[in-house]
Amino acid sequence: MKKRLGFHLSAAGGVYNAIDEAAELGINALQIFTKNSNRWTAPPLKENDIKLFHEKWRSSGDLSIISHTGYLINLAGEGENLEKSKTLMREEILRAHLLGIKYLVLHPGNHKERGVDAGIKSVAENLDEIFAEDETEVMVLLETTAGQGSSVGHRFEHIRDIIALSKCSSRIGVCLDTCHIFAAGYDISTPEGYVYTMDEFDRLIGFDRLKLFHFNDSKKSTGSKVDRHEHIGLGVIGSTGLSLLLNDERFNHIDYIMETPVDDVRDDRDNLAVVLGMLK
Ligand SMILES: [Zn+2]
Ligand SMILES: [Zn+2]
(Lines give C-alpha, C1' and ligand atoms only; values in the text may rest on other atoms or scores of the structure.)
(Ligands and ions follow the chains in the order given, each with its own letter.)
Protein backbone atom coordinates (compact mmCIF):
# COMPACT_ATOMS: atom_id res chain seq x y z
CA MET A 1 0.00 0.00 0.00
CA LYS A 2 1.44 3.38 -0.94
CA LYS A 3 -0.75 5.04 1.69
CA ARG A 4 -0.73 4.61 5.45
CA LEU A 5 -4.28 3.55 6.16
CA GLY A 6 -6.27 2.00 8.96
CA PHE A 7 -8.90 2.22 11.67
CA HIS A 8 -9.61 3.03 15.26
CA LEU A 9 -10.03 -0.46 16.71
CA SER A 10 -11.19 -1.65 20.10
CA ALA A 11 -8.52 -2.68 22.56
CA ALA A 12 -11.06 -4.41 24.79
CA GLY A 13 -9.67 -7.43 26.61
CA GLY A 14 -6.07 -6.20 26.26
CA VAL A 15 -4.33 -3.37 24.42
CA TYR A 16 -2.51 -5.88 22.22
CA ASN A 17 -5.73 -7.40 20.82
CA ALA A 18 -6.13 -4.54 18.36
CA ILE A 19 -2.77 -5.42 16.77
CA ASP A 20 -4.09 -8.89 15.88
CA GLU A 21 -7.22 -7.35 14.38
CA ALA A 22 -5.13 -4.87 12.37
CA ALA A 23 -3.15 -7.78 10.94
CA GLU A 24 -6.37 -9.60 9.99
CA LEU A 25 -7.67 -6.50 8.21
CA GLY A 26 -4.32 -5.93 6.47
CA ILE A 27 -3.99 -2.29 7.52
CA ASN A 28 -0.76 -0.42 8.27
CA ALA A 29 -2.15 2.21 10.68
CA LEU A 30 -4.03 1.66 13.93
CA GLN A 31 -5.53 3.92 16.58
CA ILE A 32 -6.54 2.70 20.04
CA PHE A 33 -7.67 3.89 23.44
CA THR A 34 -5.22 2.60 26.04
CA LYS A 35 -7.98 2.76 28.69
CA ASN A 36 -11.78 3.02 28.88
CA SER A 37 -12.51 6.32 27.14
CA ASN A 38 -15.42 7.28 29.42
CA ARG A 39 -13.80 6.70 32.82
CA TRP A 40 -11.64 8.94 34.99
CA THR A 41 -9.53 6.12 36.32
CA ALA A 42 -7.96 2.99 34.90
CA PRO A 43 -5.91 0.20 36.42
CA PRO A 44 -2.23 0.63 35.50
CA LEU A 45 -1.06 -1.28 32.43
CA LYS A 46 0.20 -4.71 33.48
CA GLU A 47 3.82 -5.44 32.76
CA ASN A 48 2.92 -8.58 30.87
CA ASP A 49 0.40 -6.71 28.70
CA ILE A 50 3.06 -4.14 27.81
CA LYS A 51 5.47 -6.95 26.90
CA LEU A 52 2.88 -8.69 24.72
CA PHE A 53 2.03 -5.39 23.05
CA HIS A 54 5.67 -4.78 22.13
CA GLU A 55 6.13 -8.36 20.88
CA LYS A 56 3.04 -8.25 18.69
CA TRP A 57 3.86 -4.78 17.39
CA ARG A 58 7.42 -5.83 16.50
CA SER A 59 6.24 -8.90 14.60
CA SER A 60 3.45 -6.96 12.84
CA GLY A 61 5.90 -5.46 10.34
CA ASP A 62 5.23 -1.92 9.25
CA LEU A 63 2.35 -0.79 11.51
CA SER A 64 1.83 2.73 12.92
CA ILE A 65 0.03 2.82 16.27
CA ILE A 66 -1.57 5.99 17.60
CA SER A 67 -3.28 6.52 20.94
CA HIS A 68 -6.44 8.61 21.45
CA THR A 69 -7.09 10.13 24.88
CA GLY A 70 -10.34 9.48 26.74
CA TYR A 71 -13.30 11.79 26.26
CA LEU A 72 -13.49 13.21 29.79
CA ILE A 73 -10.30 15.26 29.62
CA ASN A 74 -10.96 19.00 29.29
CA LEU A 75 -7.83 21.16 29.40
CA ALA A 76 -9.85 24.24 28.37
CA GLY A 77 -11.86 24.17 31.58
CA GLU A 78 -11.23 25.11 35.19
CA GLY A 79 -11.73 24.04 38.80
CA GLU A 80 -11.93 20.47 40.03
CA ASN A 81 -12.70 19.09 36.58
CA LEU A 82 -9.46 20.63 35.28
CA GLU A 83 -7.39 19.08 38.08
CA LYS A 84 -8.85 15.65 37.27
CA SER A 85 -8.23 16.30 33.57
CA LYS A 86 -4.56 17.12 34.15
CA THR A 87 -4.07 13.99 36.26
CA LEU A 88 -5.67 11.84 33.60
CA MET A 89 -3.71 13.52 30.81
CA ARG A 90 -0.45 12.72 32.63
CA GLU A 91 -1.57 9.10 32.85
CA GLU A 92 -2.50 9.00 29.17
CA ILE A 93 0.98 10.27 28.25
CA LEU A 94 2.63 7.71 30.52
CA ARG A 95 0.55 4.85 29.08
CA ALA A 96 1.44 5.87 25.52
CA HIS A 97 5.10 6.12 26.53
CA LEU A 98 5.12 2.66 28.13
CA LEU A 99 3.60 1.18 24.99
CA GLY A 100 6.12 2.97 22.76
CA ILE A 101 3.43 5.09 21.09
CA LYS A 102 4.68 8.41 19.74
CA TYR A 103 1.43 10.29 19.03
CA LEU A 104 -1.43 10.92 21.46
CA VAL A 105 -4.60 12.56 20.09
CA LEU A 106 -6.37 15.09 22.29
CA HIS A 107 -9.59 17.05 21.83
CA PRO A 108 -8.61 20.61 22.80
CA GLY A 109 -11.61 20.90 25.12
CA ASN A 110 -14.65 23.00 25.99
CA HIS A 111 -14.40 26.55 27.31
CA LYS A 112 -17.95 26.33 28.78
CA GLU A 113 -19.15 29.91 29.19
CA ARG A 114 -15.66 31.43 29.57
CA GLY A 115 -15.23 32.24 25.89
CA VAL A 116 -13.03 30.78 23.19
CA ASP A 117 -9.99 32.99 23.94
CA ALA A 118 -9.92 31.93 27.59
CA GLY A 119 -10.26 28.31 26.46
CA ILE A 120 -7.34 28.61 24.04
CA LYS A 121 -5.13 30.18 26.72
CA SER A 122 -6.04 27.45 29.22
CA VAL A 123 -5.20 24.62 26.81
CA ALA A 124 -1.74 26.11 26.13
CA GLU A 125 -1.01 26.77 29.82
CA ASN A 126 -2.23 23.40 31.03
CA LEU A 127 -0.31 21.50 28.35
CA ASP A 128 2.81 23.48 29.30
CA GLU A 129 2.33 22.60 32.96
CA ILE A 130 2.05 18.92 32.06
CA PHE A 131 5.02 18.97 29.65
CA ALA A 132 7.20 20.78 32.21
CA GLU A 133 7.14 17.73 34.50
CA ASP A 134 7.10 15.17 31.74
CA GLU A 135 10.22 13.39 30.54
CA THR A 136 8.69 11.31 27.78
CA GLU A 137 8.78 12.18 24.09
CA VAL A 138 5.09 11.59 23.45
CA MET A 139 3.71 14.24 21.09
CA VAL A 140 0.19 15.52 21.72
CA LEU A 141 -1.88 15.92 18.56
CA LEU A 142 -4.61 18.54 18.91
CA GLU A 143 -7.63 17.31 16.98
CA THR A 144 -9.75 19.70 14.92
CA THR A 145 -13.30 19.74 16.28
CA ALA A 146 -16.75 20.10 14.70
CA GLY A 147 -17.63 23.08 16.88
CA GLN A 148 -20.31 21.39 18.96
CA GLY A 149 -21.23 23.21 22.16
CA SER A 150 -18.36 25.33 23.44
CA SER A 151 -15.59 23.27 21.90
CA VAL A 152 -12.28 24.91 21.06
CA GLY A 153 -10.49 23.87 17.86
CA HIS A 154 -13.12 24.20 15.14
CA ARG A 155 -11.19 27.01 13.44
CA PHE A 156 -7.58 26.51 12.32
CA GLU A 157 -6.88 29.83 14.06
CA HIS A 158 -7.70 28.24 17.45
CA ILE A 159 -5.10 25.51 16.91
CA ARG A 160 -2.59 28.06 15.60
CA ASP A 161 -3.06 30.18 18.73
CA ILE A 162 -2.68 27.28 21.18
CA ILE A 163 0.61 26.33 19.49
CA ALA A 164 1.78 29.97 19.46
CA LEU A 165 1.01 30.44 23.18
CA SER A 166 2.68 27.20 24.27
CA LYS A 167 6.27 27.27 25.53
CA CYS A 168 6.62 23.59 24.63
CA SER A 169 5.22 23.69 21.11
CA SER A 170 7.74 21.12 19.87
CA ARG A 171 5.56 18.59 21.74
CA ILE A 172 2.39 19.64 19.90
CA GLY A 173 1.16 18.42 16.51
CA VAL A 174 -2.23 18.35 14.80
CA CYS A 175 -4.76 15.69 13.85
CA LEU A 176 -7.14 16.81 11.09
CA ASP A 177 -10.55 15.09 11.19
CA THR A 178 -12.29 15.41 7.81
CA CYS A 179 -15.79 15.00 9.29
CA HIS A 180 -15.11 17.59 11.98
CA ILE A 181 -13.64 20.31 9.75
CA PHE A 182 -16.45 19.79 7.23
CA ALA A 183 -19.13 20.11 9.93
CA ALA A 184 -17.26 23.14 11.29
CA GLY A 185 -17.66 24.90 7.92
CA TYR A 186 -14.61 23.92 5.85
CA ASP A 187 -16.35 22.54 2.76
CA ILE A 188 -13.92 19.97 1.38
CA SER A 189 -16.59 18.29 -0.77
CA THR A 190 -15.54 20.22 -3.91
CA PRO A 191 -12.11 20.57 -5.56
CA GLU A 192 -12.12 24.36 -4.94
CA GLY A 193 -13.15 23.90 -1.30
CA TYR A 194 -10.51 21.23 -0.80
CA VAL A 195 -7.71 23.41 -2.19
CA TYR A 196 -8.87 26.43 -0.15
CA THR A 197 -9.10 24.43 3.09
CA MET A 198 -5.69 22.79 2.81
CA ASP A 199 -4.09 26.12 1.83
CA GLU A 200 -5.70 27.69 4.90
CA PHE A 201 -4.33 24.91 7.09
CA ASP A 202 -0.84 25.35 5.68
CA ARG A 203 -0.97 29.14 5.93
CA LEU A 204 -2.28 29.24 9.52
CA ILE A 205 -0.76 26.13 11.11
CA GLY A 206 1.71 24.66 8.60
CA PHE A 207 1.86 21.16 7.14
CA ASP A 208 4.93 20.41 9.28
CA ARG A 209 2.55 20.22 12.30
CA LEU A 210 0.16 17.84 10.55
CA LYS A 211 0.76 14.31 11.83
CA LEU A 212 -2.52 12.45 11.40
CA PHE A 213 -5.81 12.36 9.51
CA HIS A 214 -9.08 11.09 10.89
CA PHE A 215 -10.59 10.04 7.59
CA ASN A 216 -14.38 10.05 7.99
CA ASP A 217 -17.36 11.06 5.92
CA SER A 218 -20.04 13.22 7.57
CA LYS A 219 -23.76 12.63 8.11
CA LYS A 220 -24.33 16.35 8.69
CA SER A 221 -23.94 19.31 6.36
CA THR A 222 -21.05 21.75 6.30
CA GLY A 223 -21.44 24.46 8.94
CA SER A 224 -23.87 22.30 10.98
CA LYS A 225 -21.27 21.97 13.76
CA VAL A 226 -22.66 18.50 14.45
CA ASP A 227 -20.20 15.60 14.69
CA ARG A 228 -21.71 12.45 13.11
CA HIS A 229 -19.38 10.13 11.22
CA GLU A 230 -20.60 8.36 8.07
CA HIS A 231 -19.28 5.52 5.92
CA ILE A 232 -16.73 6.61 3.33
CA GLY A 233 -18.46 8.09 0.28
CA LEU A 234 -22.00 7.74 1.68
CA GLY A 235 -22.03 11.06 3.51
CA VAL A 236 -22.24 14.76 2.65
CA ILE A 237 -18.50 15.11 1.97
CA GLY A 238 -18.74 12.27 -0.52
CA SER A 239 -16.18 10.50 -2.70
CA THR A 240 -14.94 13.56 -4.59
CA GLY A 241 -13.61 15.45 -1.57
CA LEU A 242 -12.39 12.39 0.30
CA SER A 243 -10.63 11.07 -2.80
CA LEU A 244 -8.76 14.37 -3.19
CA LEU A 245 -7.33 14.05 0.30
CA LEU A 246 -6.67 10.33 -0.02
CA ASN A 247 -4.73 10.81 -3.24
CA ASP A 248 -2.88 13.97 -2.21
CA GLU A 249 0.75 12.91 -2.57
CA ARG A 250 1.91 15.57 -0.12
CA PHE A 251 0.52 13.37 2.63
CA ASN A 252 1.89 9.94 1.69
CA HIS A 253 3.85 9.82 4.97
CA ILE A 254 0.78 10.59 7.15
CA ASP A 255 -1.56 7.98 8.65
CA TYR A 256 -5.23 8.05 7.62
CA ILE A 257 -7.36 6.60 10.42
CA MET A 258 -11.03 5.81 9.76
CA GLU A 259 -13.46 6.11 12.66
CA THR A 260 -16.40 4.94 10.59
CA PRO A 261 -19.49 3.19 11.96
CA VAL A 262 -19.88 -0.57 12.05
CA ASP A 263 -23.53 -1.33 11.31
CA ASP A 264 -25.92 -3.10 8.92
CA VAL A 265 -24.68 -0.98 6.01
CA ARG A 266 -20.95 -1.66 6.29
CA ASP A 267 -18.21 -2.89 8.60
CA ASP A 268 -14.51 -1.93 8.63
CA ARG A 269 -13.64 -4.42 5.92
CA ASP A 270 -16.26 -2.86 3.61
CA ASN A 271 -15.02 0.69 4.20
CA LEU A 272 -11.45 -0.44 3.63
CA ALA A 273 -12.45 -1.98 0.29
CA VAL A 274 -14.15 1.30 -0.73
CA VAL A 275 -11.08 3.36 0.19
CA LEU A 276 -8.70 1.00 -1.61
CA GLY A 277 -10.95 1.39 -4.65
CA MET A 278 -10.61 5.18 -4.39
CA LEU A 279 -6.80 5.03 -4.40
CA LYS A 280 -5.31 6.11 -7.71
ZN1 LIG B 1 -11.16 12.33 18.41
ZN1 LIG C 1 -15.90 12.83 15.33
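What you see is a predicted model; the values in this text were computed from it and never measured. Whatever order the structure lists them in is the order used to number ligands and atoms, beginning at 1.
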Would you call Asp255 and Lys211 a salt bridge, taking side-chain N to carboxylate O under 4.0 Å as the test?
-> no
Any ion pair linking Lys56 and Asp20 (charged N to carboxylate O, less than 4.0 Å)?
-> yes
Aromatic ring proximity His68/His107, centre distance under 6.0 Å | yes
Closest heavy-atom contact between Phe156 and Thr197?
-> CE1-O, 3.5 Å
From the Zn ion (ligand 1) out to just under 2.8 Å, does an N/O/S atom of His68 turn up?
-> yes
Using a cut-off of 6.0 Å, state whether more than 12 heavy atoms not belonging to [X] lie near its atom [atom1].
| X | atom1 | result |
| --- | --- | --- |
| Tyr196 | OH | no |
| Lys86 | NZ | yes |
| Glu133 | CD | yes |

The Zn ion (ligand 2) - number of protein N/O/S atoms closer than 2.8 Å | 4
Between His107 atom NE2 and Glu143 atom OE1, the angle centred on the Zn ion (ligand 1) rounds (to 10°) to 90°
